[in-house]
Amino acid sequence: MTAATLLGRLRVFAAALALLAIAGALPALALERGPDGAPDPDASAVDQRTLLREAPRIEGRIDIPDTRARVLIQPAGRQWDRFHEVTLHWLGAVVILGMIAALGLAYLVLGRLRISAGRSGSTLRRFSAFERFSHWLTAVSFIVLGLTGLNITFGKILLLPVIGPDAFASFSQAAKYAHNFVSFSFVIGLVLIAALWLKDNVPRKVDIDWLKQGGGFIKSKHAPAGRFNAGEKAVFWFALAAGAAVAVSGYLLLFPFYATEIAGMQFAQIVHAVVAVLFVAVIIAHIYIGTVGMEGAFEAMGSGDVDLNWAKEHHDLWLADRLAKESPAEPSAGAAE
């Protein structure tokens, strides 16, 4: 037998073995079928849920020097997207509409809280011009931030179908710029009211009495209060805490990747959105009580002056302190002699 003949037979033998291997694998492949008996090409593939649980090994990255900014895709992004597009919509609707419904019910049951003794015709100064400026700077900034922020969350659902895509795109772009820049005036106003009213909002024992007497909502009971009652103090401290939370989280989003990476920014956005929704609901209640809910309340921040009977009814301890400071001192016995 020549070498060429031997080599040829070896080739034939190798080819036969390869065919046998292929034939043996075919039955195994044929078993991969769907429920209907048809071949299922994806039967041996790993499903998406299993892949997502393998994070961060399936994170997609692009080759740029900044390691924090080069994440192209990550599983947590899907969780964030569901929060923003589903959970936040439900949370915002329930909290904000629920507060409006509760205030509407309160108005139907209690009506507007009138000054029990009527207006006296005499007024006294409650807030200075600078105090009112600080309040309105914060208030107007908050309204702009609230409306533009709600557009980010609900605009595609509520506004887009009404005004169309072109107008909505232009409005949303302008609203986003307003949201970014007005945030600075809001923070300035927040710092001002904290500096002005921090000492008057320290909790005191009288605040417990105010709560026990129904906070002024029960006409048969008198709720004592200093310059600010327990309800106003609660709004003050909530505004400071919530304002700080939305400011810090907002600036992390406004200046991306300077202090955190993708995961941190996603968490900051969740904090920003949840706190902002609660903030809007609380301020809606604050606006209601300061306008239609209570007679004489708006004048305190409008002109700065309040009616004497209003002050007696709602801030009697503050009124007594003011009158004591403004009345001339009585001469002592020694001086009279």
Side-chain angles (χ1 to χ4, degrees), residues 77 80-101 103 133-194 235-236 238-260 262 264-288 290-291 301:
W80 171 86
D81 182 69
R82 178 172 177 78
F83 165 81
H84 188 269
E85 296 298 328
V86 179
T87 307
L88 183 59
H89 291 166
W90 281 103
L91 175 67
V94 170
V95 171
I96 295 175
L97 295 180
M99 176 61 76
I100 294 174
L103 294 174
F133 164 78
S134 302
H135 171 272
W136 287 115
L137 174 65
T138 311
V140 173
S141 300
F142 179 84
I143 291 173
V144 174
L145 292 171
L147 292 176
T148 54
L150 289 174
N151 177 68
I152 295 173
T153 302
F154 296 104
K156 290 187 295 183
I157 299 174
L158 301 178
L159 193 58
L160 176 59
V162 177
I163 65 177
D166 293 336
F168 177 73
S170 300
F171 171 77
S172 296
Q173 183 180 28
K176 185 63 175 69
Y177 281 121
H179 195 86
N180 290 346
F181 289 108
V182 172
S183 66
F184 296 102
S185 62
F186 172 74
V187 172
I188 292 172
L190 202 65
V191 171
L192 289 176
I193 65 173
V235 172
F236 174 84
F238 177 84
L240 288 189
V246 295
V248 172
S249 58
Y251 289 135
L252 287 176
L253 299 173
L254 187 59
F255 302 101
F257 301 116
Y258 280 92
T260 185
I262 286 287
M265 287 166 47
Q266 288 171 340
F267 179 74
Q269 197 277 335
I270 293 173
V271 171
H272 192 81
V274 171
V275 174
V277 165
L278 298 175
F279 208 169
V280 168
V282 170
I283 295 303
I284 287 175
H286 179 67
I287 293 172
Y288 165 80
T291 53
M301 277 301 168

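Numbering of residues begins at 1 and proceeds along the displayed sequence. What you see is a predicted model; the values in this text were computed from it and never measured.
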Student: Search all heavy atoms of P161 against all heavy atoms of K156 and return the closest pair with its distance.
Tutor: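 Closest heavy-atom pair between P161 and K156: CD-O, 3.7 Å.
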
Student: Do you know the tightest heavy-atom contact between A281 and V95?
Tutor: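 Of all heavy-atom pairs spanning A281 and V95, the closest is CB-CG1, 3.6 Å.
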
Student: I want to check something: taking the side chain as every heavy atom from C-beta on, are I283 and I287 in contact at a cut-off of under 4.5 Å?
Tutor: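 Yes, their side chains come closer than 4.5 Å.
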
Student: At what distance, to the nearest 0.5 angstrom, does CG of L159 lie from CG of L150?
Tutor: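 The CG atom of L150 is 11.5 Å from CG of L159, to the nearest 0.5 Å.
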
Student: Please give me the minimum heavy-atom distance between V144 and A178, naming the atom from each residue.
Tutor: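 Between these two residues, the closest heavy atoms are CG1-CB, 4.4 Å.
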
Student: Taking side chain as C-beta onward, heavy atoms only, is L145 less than 4.5 Å from V246?
Tutor: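 Side chain of L145 against side chain of V246, heavy atoms only: no contact under 4.5 Å found.
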
Student: Hey, could you give me each pair passing side chain to side chain donor-acceptor pair (under 3.5 Å) that has a residue in residues 273-286? Not counting sequence neighbours.
Tutor: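 Side chain to side chain donor-acceptor pair (under 3.5 Å) check on residues 273-286 returns no pairs.
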
Student: More than 12 heavy atoms of other residues, nucleotides or ligands under 6.0 Å from CZ of F168: is that the case?
Tutor: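 Enclosed.
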
Student: Who are the salt bridge (Lys or Arg N to Asp or Glu O under 4.0 Å) partners of K176, not counting sequence neighbours?
Tutor: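 Testing K176 for salt bridge (Lys or Arg N to Asp or Glu O under 4.0 Å), a comparison that skips the adjacent residues, returns none.
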
Student: Taking side chain to side chain donor-acceptor pair (under 3.5 Å) as the test, write out the residues that go with D81, two or more places apart.
Tutor: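 Applying side chain to side chain donor-acceptor pair (under 3.5 Å) to D81 gives none.
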
Student: How long is the gap from CZ on F279 to CZ on F238, to the nearest 0.5 Å?
Tutor: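 Here the rounded value is 6.5 Å.
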
Student: Would F142 and V182 satisfy side-chain contact (heavy atoms from CB on, under 4.5 Å), going step by step from the backbone distance to the final call?
Tutor: CA-CA 8 Å; F142 179 84; V182 172; over 6 Å; no

Student: Roughly how far, to the nearest 0.5 Å, is CD1 of I96 from OG1 of T153?
Tutor: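 Answer rounded to 0.5 Å: 8.5 Å.
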
Student: Looking only at non-hydrogen atoms, find the nearest pair between L103 and A285 and report the distance.
Tutor: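 Answer, listing the atom of L103 first, then A285: CD1-CA, 3.7 Å.
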
Student: Would you mind listing every ring-ring contact (aromatic ring centres under 6.0 Å, His included) that reaches into residues 171-193, with sequence neighbours excluded?
Tutor: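 The answer is F184-Y251.
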
Student: Any non-hydrogen side-chain atom of T138 less than 4.5 Å from a side-chain atom of L192?
Tutor: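 Contact flag for T138/L192 side chains = no.
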
Student: Rounded to the nearest 0.5 Å, what separation is found between the CD atom of Q266 and the CZ atom of F83?
Tutor: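 The distance works out to 11.5 Å.
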
Student: Whether the side chain of W136 engages the backbone of M301 through a donor-acceptor N/O pair (distance < 3.5 Å, no angle test) should be reported.
Tutor: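 The answer is yes, because a donor-acceptor pair under 3.5 Å joins these two groups.
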
Student: At their closest point, which heavy atom of A259 faces which heavy atom of L252, and how far apart are they?
Tutor: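 Nearest heavy atoms, A259 then L252: CB-CD2, 3.7 Å.
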
Student: Does any pair with a residue in residues 164-173 pass side chain to side chain donor-acceptor pair (under 3.5 Å), and if so which ones, sequence neighbours excluded?
Tutor: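 Residue pairs passing side chain to side chain donor-acceptor pair (under 3.5 Å), neighbours aside: N151-S172.
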
Student: Does S183 reach the main-chain N or O of N180 with its side chain, forming a donor-acceptor pair under 3.5 Å?
Tutor: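 Here the side-chain-to-backbone pair exists.
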
Student: Keeping to residues at least two apart or across chains, list the ring-ring contact (aromatic ring centres under 6.0 Å, His included) pairs with something in residues 144-164.
Tutor: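 Those involving residues 144-164 are H89-F154.
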
Student: To the nearest 0.5 Å, how far apart are CD1 in I193 and CG in L240?
Tutor: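 Answer for the CD1-CG pair, I193 versus L240, is 6.0 Å.
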
Student: Going from CG on L190 to OG on S185, what distance comes out if it is rounded to the nearest 0.5 angstrom?
Tutor: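 It is 11.0 Å, given to the nearest 0.5 Å.
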
Student: So which heavy atom on V277 is nearest to which on G92, and how close?
Tutor: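 Where V277 meets G92 most closely, the heavy atoms are CG1-CA, 3.8 Å.
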
